Amino acid sequence: MSTQRVFVARLSGCSVFDPAGDRLGKVRDVVVIYRKDDPPRVIGLVVEIPGRRNVFVSIGRVTSIVTGQVITTGLINVRRFQQRGGEVRVMAELIGRKVFLADGSGTAVIEDVAIERNRLGEWDVGQLFLRKPKTSASPFAKGPTTFAGWEDVRESQVPGEAQSAEQLVATYSELRPADLANTLLDLPEERLLEVVEELPDDRLADALEEMPEEEQVHILEALDDERAADILDAMEPDDAADVLGQLPEDQREELLDLMEPEEAEDVRALLKYGPDTAGGLMTSEPIVLSADATIAEALALIRRHELHPALAAAVFVTLPPYETPTGRLLGTVHFQRMLRYPPHERLGAIIDDTLDPVPATASAAEVARLLASYDLVSLPVVDPAHRLVGAVSVDDVLDYLLPEDWRSQDAADEHRASDSDPQTTASTSATTKPLRAGRRR
C-alpha cells in the first residue's frame, strides 16, 4: 500500500461529506499529539458545521481524504470543540512556529505540514515545508524553502527547565496500556492529575481499563463531566459499564447523557446484567456477519489492528440485523476454519453450530467451565429469543477470577512466596478456588 500524503494548508477549507454525499461542513484544522521518538500522530479534524460551530471529528471516523474533500462515516458529535491537554492544532499552533534544524544550519519557520497515512491506516505528521531566513536585504525578498522530516528539526527549550506534564506524556507514548496504568498510579497525587489532564482521551481510556475500579472512579471524578464522558466513550463498553456501576445513580445518569448516544446505549444494555453473569462480563461489540458474507470479508474485519485478539478469533453469523442485539444466532466461524477454505466461500457453508451459546444470565463459573472445557477464547452470549447480544472472552473471565490485588507487584511477590511453602500453598488454594463474587472487568 503506498503512503498517502496531504498538506494541511491545502486541506483547510475542504468540504466534509457523509457516505451519502451530503455536505456536513468544512475542515478548519488538524489536531495532533506529540510522541517521544516518533512524529506527532493525527487524532482528528476540527470541522466547522452550519451555525459556525467548530466540532471535533475523530480521525477514526474519516474514511477517505482526497483532493478537495473529506469523506466520513457520517457520525459527528456536534458538541463544540474544546482543545484537550496534550493536543496541538496544526494550523493554529504548528504553522508559523520557529524551529532549529538538527544539522546545525540555523533556523526556519514551518509554513506547511504534511500528514501521511501509514499501512495501519493511522495518520502521522510527515514532511515539514520550511522557509529559512532571507539572505537579501530587499524588502520583497523571501528566504529559501526546503522540506524536512520531523526528526530533522527541534524546538527551542530553556536549559534546566523542569519537564512539563506535556513532555512527560510524550515519554509515555510507547508504553503499553497496562504499563502506562502502573506508571500513572506510581505518580504523586498532584502529578498524576496533571498528567491525566495532558493525556489524549484514547490513551487515558486504555490506561483506565487496566486500573482497579476504585482508581478508575477516582480519576474520572477528578475530571470535568464532559471530559469524563469522552473518556467513557473511548473505553470498551464493558469496561465503561464497570466504572459507571461504581458511581451513584444520579452521577451515572448524568455521564450517560453526556456520552455519544450509540456508546451510551451499549453501556446501558450492559448495566442491566448482574456483575457475575455472562451479560455482566461480555462485550457488546463482537464481529457479526451474515451467512452470505465471504471468508475474504470476514478476514478483512478480523485483520483490523485495533480489534482485541480474543474478539478477532471468531466471527458470529446471525440473521439481520447485524448489530447487537442481532437477529437469531446461526453459529460461529473460527478464524482457523476460515483459513482452510477459499476466500470466496460463504460463511454460511462453514458455520460451526455444535457449540451452544450461553444465556446472558449464565454464571461466570459456567462461562469459565465452558471456555476451559472446549479450549475457547470467546463464547457467544444470547438473550431468551436466541439473539446475539455480545461475546464473553477469556480475558474477561480471567479478570473476574483473579484476586482484586492481582495488578500489585507486592501481591504477586506474596503469591510466589506462598507457592514455595507447601503448607501455605494448600491453605491459599483452599481459599482462592471458589469464584469471587462481584468481580468484573
Side-chain angles (χ1 to χ4, degrees), residues 1-16 26-48 56-72 81 83-84 86-136 141-157 166-167 169-174 200 202-203 305-306:
M1 180 186 298
S2 61
T3 301
Q4 182 181 357
R5 178 181 299 165
V6 179
F7 280 90
V8 174
R10 296 181 182 180
L11 182 62
S12 180
C14 290
S15 296
V16 180
K26 54 186 175 181
V27 178
R28 284 304 183 195
D29 216 328
V30 175
V31 184
V32 301
I33 56 172
Y34 279 18
R35 295 186 287 183
K36 181 182 178 182
D37 299 318
D38 297 313
R41 178 166 63 88
V42 178
I43 62 171
L45 308 177
V46 178
V47 175
E48 181 184 304
F56 179 77
V57 178
S58 170
I59 197 66
R61 297 192 182 278
V62 175
T63 59
S64 173
I65 299 179
V66 295
T67 305
Q69 64 182 20
V70 175
I71 310 297
T72 72
F81 168 71
Q83 192 169 351
R84 305 295 189 189
E87 297 176 350
V88 178
R89 291 175 294 166
V90 173
M91 292 294 297
E93 299 175 79
L94 269 187
I95 293 181
R97 181 177 292 186
K98 180 180 178 180
V99 294
F100 294 84
L101 297 173
D103 61 7
S105 60
T107 63
V109 174
I110 301 176
E111 288 205 344
D112 205 349
V113 175
I115 59 174
E116 299 178 353
R117 189 175 191 175
N118 61 29
R119 294 187 177 185
L120 296 178
E122 298 173 337
W123 289 85
D124 302 320
V125 169
Q127 285 189 322
L128 303 177
F129 179 65
L130 307 175
R131 186 174 295 278
K132 295 182 177 181
K134 63 181 183 178
T135 56
S136 171
K142 291 184 178 181
T145 60
T146 185
F147 289 95
W150 183 261
E151 68 280 1
D152 299 325
V153 302
R154 60 181 178 84
E155 297 175 294
S156 60
Q157 181 178 356
E166 182 176 347
Q167 291 171 317
V169 166
T171 67
Y172 296 159
S173 62
E174 303 303 323
D202 57 343
R203 284 287 282 165
H305 70 280
E306 73 274 9

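Values below: every heavy atom of this structure, side chains too, minus hydrogens, waters and symmetry copies. Throughout, numbering of the chain's residues begins at 1 and tracks the sequence. The structure presented is a predicted model; accordingly, all values stated were derived computationally and were not measured.
- The two residues Asp29 and Ala92 have their closest heavy-atom pair at OD2-N, 3.2 Å.
- Here the closest non-hydrogen pair linking Glu93 and Glu87 is OE2-O, 4.2 Å.
- Interatomic distance, Glu48 CD to Ser12 OG, rounded to the nearest 0.5 Å: 10.0 Å.
- Within the 3.5 Å criterion, the main-chain N or O of Asn118 finds no donor-acceptor partner in the side chain of Glu122.
- Distance CD1/Ile115 to CD1/Ile59: 6.0 Å, rounded to 0.5 Å.
- Around atom NZ of Lys142, no more than 12 heavy atoms belonging to other residues, nucleotides or ligands sit under 6.0 Å away.
- Annotation: the span from Thr72 atom OG1 to Arg61 atom CZ amounts to 9.0 Å, rounded to 0.5 Å.
- Annotation: the span from Thr107 atom OG1 to Leu101 atom CG amounts to 7.5 Å, rounded to 0.5 Å.
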Mind running side-chain contact (heavy atoms from CB on, under 4.5 Å) on Val70 and Val27 for me, showing each step along the way? CA-CA 8 Å; Val70 175; Val27 178; 3.9 Å; yes

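- Not a single salt bridge (Lys or Arg N to Asp or Glu O under 4.0 Å) links Arg203 to another residue, sequence neighbours left out.
- Taking the salt bridge (Lys or Arg N to Asp or Glu O under 4.0 Å) definition, one finds that Arg10 meets it with nothing, sequence neighbours left out.
- Taking the salt bridge (Lys or Arg N to Asp or Glu O under 4.0 Å) definition, one finds that Asp112 meets it with nothing, sequence neighbours left out.
- Side-chain N or O atoms of Gln4 include one that pairs as donor or acceptor with a backbone N or O of Ile65 at under 3.5 Å.
- One distance of note links CG of Leu128 with CG of Leu94; it measures 8.0 Å at 0.5 Å rounding.
- Relative orientation of the Phe56 and Phe81 rings is parallel, given thresholds of 30° and 60° on the angle between their planes.
- Atoms CH2 and CZ, from Trp123 and Arg41 in turn, are 14.5 Å apart once rounded to the nearest 0.5 Å.
- At least one donor-acceptor pair closer than 3.5 Å links the side chain of Arg131 to the backbone N or O of Gly143.
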